[in-house]
Structures are given as structure tokens and as C-alpha cells.
Amino acid sequence: KPTGTDPRILSLAAEVAKSPEQNVPVILLKLKEIINNTPVGSSELKKIKQDIYCYDLIQYCLLVLGQDCSRIQGGWTTISQLTQILSHCCVGLDPGEDAEEFYKELLPSAAVNFLILERRLQTCFINAAKGEEKDEILHFFQIVTDSLFWLLGGHVQLIQNVLQSDHFLHLLQTDNVQIGSIVMTLLQNILQINSGDLLRIEGKTLHSILDEVIFKILSTPSPVIRSTSTKLLLLLAESHQEILILLRLSACYKGLRNLLNKQETGTEFSEELTQLISLLSPQIYQEVEDQKLHQAACLIQAYWKGFQTRKRIKKLPSAVIALQRSFRSKRTKTQLKLNRQKEEEHLRLQLQLQRQRAMRLSRELRLSMLEIVHPGQLEKYNREMEEKSALIIQKYWRGYRERKKFYQQRPSLTEYKAAVTLQRAVLKFLAKCRKRKKQLAPWQRLQELTDARRVELKQQVDDYIRRHSGSQISGVASRELHAQAQEQLQHYFMGRTLEERAQQHREALMAQISTNIEQLMKAPSLKEAEGKEPELFLSRSRPVAAKAKQAHLTTLKHIQAPWWKKLGEEPGDEIDVPKDELSIELGTLFIGGTKPP
């Protein structure tokens with residue numbers, strides 16, 4: 001733990017450690033007061049953040065955010081304040097030796113928890129019935145979003161993780177106007193910080209984000225969301241030429257410029273919409289391509305001119321450089337030779353001095369021993385000295401022989417180690433391949449059990465229950481539990497079948513609508529229509545035909561009426577058409593798919 005820790009942090013950490021689990025979130029709220037009372041940007045605030053991290057209070061906040069809201073005292077109010085505390089503590093924090101764990105585990109986990117909390121708040125907002133409750137949940141959603149943006153502003157490397165998250169994509173695809181406006185504003189602020197992360201995510205995710213932004217521009221009735229989406233798409237198109245080329249040439253966004261031209265003018269974001277349409281026009285795209293080619297040509301010329309200049313500069317002093325190189329090489333070799341000779345001479349003198357010292361010491365020892373040893377034991381002493389000398393010679397000889405054998409066996413030992421390494425790598429590769437095949441293998445339906453297999457499994461279950469005796473359940477309770485499980489399983493399978501049928505029906509309707517739209521888009525004008533082409537667009541529904549007839553007669557009557565009858569009429573006013581005029585030609589002219597009378 002760090003020295004000089006703030007006593008408030010110490011007492012708070014001790015209180016968290018001693019308190020029960022349900023009281024920990026309320027205790028952690030005291031961190032907000034400690035942080036707010038410290039001057040912003042001061043060294044004291046950095047020290048307090050480091051103490052909070054060292055005593056695992058940030059990890060406690062992260063664990064509390066992952067719990068169920070109904071189990072936390074204070075509910076969403078406590079959770080929203082904890083998100084603010086967590087984001088402020090993580091920004092400007094120096095983790096020290098735990099930098100890898102902080103940046104690779106704690107920060108991504110915090111970002112994911114913020115997104116999960118936003119999805120929970122979104123669900124609560126949709127399910128809320130009262131307006132006051134919705135306003136309160138929306139306020140909590142805004143607080144969590146601001147905390148996430150504060151965290152991303154302090155740690156830009158998390159932006160790519162957030163953009164690739166499925167939770168963020170689900171939040172972006174919401175149909176609610178208020179939630180959608182907050183999420184679109186968050187995306188715009190994130191990309192203003194670092195829009196380059198959008199190009200580093202997967203192509204499928206990038207297409208999903210662009211599709212959702214374009215959908216909100218074209219289909220959302222809220223002017224706030226449309227304005228934010230238009231500004232966001234304009235920012236992406238101006239900042240990154242790759243996205244502009246994608247919007248201009250990709251088949252997925254064919255006709256985008258025509259749809260944008262049909263949008264209402266005179267709104268507060270009409271200027272941004274006009275700029276976006278001009279960027280998608282062919283003339284602007286051609287200018288961008290020409291500018292790109294001009295820059296490429298200038299870059300090629302600069303590299304070529306630089307290469308030629310460096311080549312000429314290298315040729316001028318080549319003779320001087322070669323002379324200097326040869327002189328320095330010869331001087332270096334001469335110096336090395338002299339140094340080697342000096343070292344050899346010094347080593348030879350050292351060895352000679354060591355031998356002389358060893359001989360002198362040996363003779364002195366022998367003389368001193370002769371003075372000490374009794375004349376009658378001199379022969380025994382000489383024999384012991386000869387044996388010791390022989391043992392020393394044998395020891396050195398055996399060491400030399402074993403070292404020689406080891407050096408001879410070293411290549412085979414190296415080959416053995418290399419073979420073991422290769423085998424280990426191949427086994428790991430094969431294990432990964434088998435694991436990948438198991439993951440990619442399609443799901444196979446379980447085979448039906450035979451009577452013998454059922455008896456065998458029942459015997460194994462009975463043996464396990466006999467060995468691991470637990471709480472006894474009566475037969476009636478077991479049958480009731482089994483019946484409940486069967487009922488839930490049946491309800492699940494029936495619901496899944498109905499969902500699959502509904503999904504197939506929706507896909508069929510969408511395919512029919514797409515076919516009709518494509519047919520209408522490709523249809524020629526009435527002047528260019530020939531043969532039976534108009535009959536393809538006749539409706540088989542009498543209500544539709546009657547409504548079309550009524551609209552047609554209304555338009556004709558309004559056009560043919562004198563000018564004084566049109567005074568005081570609004571553009572949206574309807575004109576009454578008599579039923580006899582409506583039924584005169586209804587059966588012969590506008591009913592498609594029926595026989596004439």
C-alpha cells in the first residue's frame with residue numbers, strides 16, 4: 001500500500017470491509033464528497049485517486065454496478081452516482097505497477113458495464129407507465145451516458161471497444177425519440193474526440209452504424225434526431241474520404257442522394273443537409289478524385305527528385321569516403337593487432353609468474369613438512385603425497401574426458417530439444433484445429449435413447465444419488481417439479497414455433513413490399529407506357545380502387561373549378577365527391593383484376 005494515505009480513504013476502506021454487502025453501495029457514495037472537496041487538477045486529487053485504486057474501492061464500485069438494481073439501496077439514484085464516481089476516479093489515474101491490468105481489464109469492463117446499465121434503463125423507460133417515472137429514468141440515463149463519455153474522453157483507446165459493442169448497437173437502434181437523441185449525441189461527441197477509430201472497427205459493424213444513421217435521417221419524425229444524424233453523417237463524410245467513397249459508390253447506399261433531396265427544406269439543419277448532398281454529388285466526387293490523383297503525382301515526383309538528389313550527392317564524395325574507410329579499417333586492424341600482442345604478452349608473463357609462485361610455495365611446503373615429519377615416517381608421508389597427486393591427476397583427466405564427450409554430444413542434444421519444440425508446436429496447432437472444428441461444427445440433433453441405454457443411465461443416476469445423499473424430496477414434490485419443468489419446456493417450444501412463423505411472415509411481407517417498391521421505381525411514365533404495362537399496377541382491392549378513384553376525381557374537380565371557388569381554400573382541404581359520380585366508372589375503369597361487365 002502507498003505511504004501517506006489519506007485517512008478518509010483508510011476509514012472508508014475499513015468501513016467497506018467490515019460492512020455487510022447491502023450497505024456497501026451507500027458507503028461508496030462518500031467518495032463523491034471526498035473528490036468534490038479536492039481542487040480539480042491538483043496533485044492531491046491524483047494522490048486520492050491512486051489511494052482509491054490501491055485499496056480496491058474502484059473494483060468495489062465496478063462490482064456494485066454489475067448487481068441487480070432492485071437489491072441495491074437507493075436504486076438507480078445510487079447506481080447513477082456510482083457511475084460518476086467510477087468515471088472520475090479512472091480519468092487521470094496513474095495505476096503504477098498495475099498498468100496492464102488497469103488498461104486491459106478494468107477499463108474495458110467499466111465501459112461494458114456502463115453500456116449494460118444504459119440498456120437496462122432503456123428497458124425500464126419503455127416499460128414505465130407514468131410520465132414522472134419516465135422523466136426520472138431519462139435523467140438517470142443521461143447521467144450514465146455523461147459518465148461514459150467522460151471515461152472515453154480520458155481514455156481514448158476505449159472508443160473502439162464501445163463502437164464494436166453489441167450493446168451500443170442496440171442502443172443506437174432504439175425507436176424512442178428521447179433515448180435515440182441522447183445516444184446519437186453521444187456518438188457525435190465520441191467521433192469528435194477521435195473519429196479515426198470508426199475506420200478500425202469491423203466492416204459489418206461500420207455498415208450497421210451508417211445504416212442506422214441514414215435510417216434516422218430519412219425515417220425519424222423527430223427534428224432533433226434528424227439534425228444530429230445529419231451533422232454526424234456530414235462529419236464522417238468530411239473527415240474520412242473512405243466513408244465518402246463508400247456512400248458514393250457502394251451498392252448498399254445507391255439512391256441515397258435522391259432520397260436526401262426529397263427531405264424537407266427550411267429546417268434548422270437544412271444547411272448541413274445541403275452540404276451533405278453536395279458532397280455526394282458526382283461533381284464533388286470527381287473533384288475529390290482529381291485532387292487525390294494530383295496529390296499522388298506530387299508525392300511520386302517528390303520521392304523521385306529526392307532519390308535523384310541523394311544519388312548525385314552520394315557520387316560526389318565517394319572517393320573521399322572510400323579512402324577514409326580504407327584508412328580507418330587499416331588503422332583499426334593495426335590497433336587490434338597491437339592490443340592482441342600486448343594482451344598475449346601480459347598473459348604469458350602472468351602465467352609464468354603464477355607457475356613460479358606455485359613452485360616456490362610447493363617447495364616451501366615440502367621443506368616445512370620435512371622439518372615436522374619424523375624421519376621414520378618420511379617414506380609413509382611420501383607415499384601418501386604420491387597417492388594424492390595421482391588422485392588429482394585422475395580427477396582432472398576424467399573431467400577433461402567428460403567435457404569432451406559432452407561437446408561431442410551437444411549437436412544431438414540440440415537436435416533433440418528442437419524436435420521436442422517442434423512436436424509441442426504441432427500438438428498445440430492440432431489442438432487448436434480440433435477446437436475450431438468443434439466450434440464451427442453444426443448442431444446435431446441428439447439421438448433417441450434405447451431402452452438399454454435408459455436403464456444404464458437410470459442405474460448411474462441411482463448410484464450417484466446413493467453416493468451423494470442430499471436433501472430428500474418426496475415423490476409428490478418430484479412429480480410436481482417434473483410437471484412444471486415439462487410445462488415450461490412445452491411453453492418454450494410452442495413460443496419458439498410461433499416466433500419462427502411470425503418471423504417468416506414478416507420476411508415474406510418485407511420481400512413483397514421490396515418487390516412492389518422496386519417495380520414502382522422502375523415503372524415508366526404514362527407518356528412512355530406501352531401495351532399492357534399500365535395493367536400491371538391495377539389493384540385487385542375494391543377499397544383501394546375506390547380510394548384511388550376518389551382522389552383522382554377530387555384532383556380533376558379542383559383543377560376544373562373556377563378561380564373564385566378556390567378563394568379561402570387551404571392546400572390540405574378535402575373536396576367532397578358525390579357517390580353517384582364515384583360509382584359511375586368504378587366497375588369498369590379502376591378495378592384491376594376483374595372482368596368488365
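One is the number of the first residue; the rest follow in order along the sequence.
Between L138 and I182 the shortest side-chain heavy-atom distance falls below 4.5 Å. The closest side-chain heavy-atom distance from C90 to L106 is below 4.5 Å. With a 4.5 Å cut-off on side-chain heavy atoms, P108 and V112 do not count as touching. Taking 4.5 Å as the limit, some side-chain heavy atom of E118 sits within range of a side-chain heavy atom of L148. Two residues are said to be in side-chain contact when any heavy atoms from C-beta on lie closer than 4.5 Å; D463 and Q460 fail this criterion. Using a 4.5 Å heavy-atom threshold, the side chains of T145 and F141 count as touching. Between R119 and T123 the shortest side-chain heavy-atom distance does not fall below 4.5 Å. The shortest distance between side-chain heavy atoms of Q490 and M494 falls below 4.5 Å.
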| Working for side chain to side chain contact (heavy atoms under 4.5 Å, CB included), residues K405 and E402 | CA-CA 5 Å; K405 288 182 181 179; E402 294 299 329; 4.3 Å; yes
| Given the rule in the side chain to side chain contact (heavy atoms under 4.5 Å, CB included) test, do K458 and V461 qualify, once you have shown the distances and angles that lead to the verdict? | CA-CA 5 Å; K458 187 176 182 304; V461 171; 5.7 Å; no
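Considering R479, Q486, Q484 as possible partners of H482, the one that fulfils the side-chain contact (heavy atoms from CB on, under 4.5 Å) test is Q486.
Using modelled atom types, one side-chain atom of S412 and one backbone atom of Q409 make a donor-acceptor pair closer than 3.5 Å.
Shortest non-hydrogen contact noted between S87 and F114 is CB-CE2, 4.4 Å.
The stretch residues 416-434 participates, sequence neighbours left out, in no side-chain hydrogen bond (donor to acceptor under 3.5 Å, both in side chains) pair at all. Listed by first and then second residue, the salt bridge (Lys or Arg N to Asp or Glu O under 4.0 Å) pairs that reach into residues 503-518 are E518-K522, sequence neighbours excluded.
Looking at R496 and E499, no side-chain N of the basic residue comes within less than 4.0 Å of a carboxylate O on the acidic one, giving no salt bridge.
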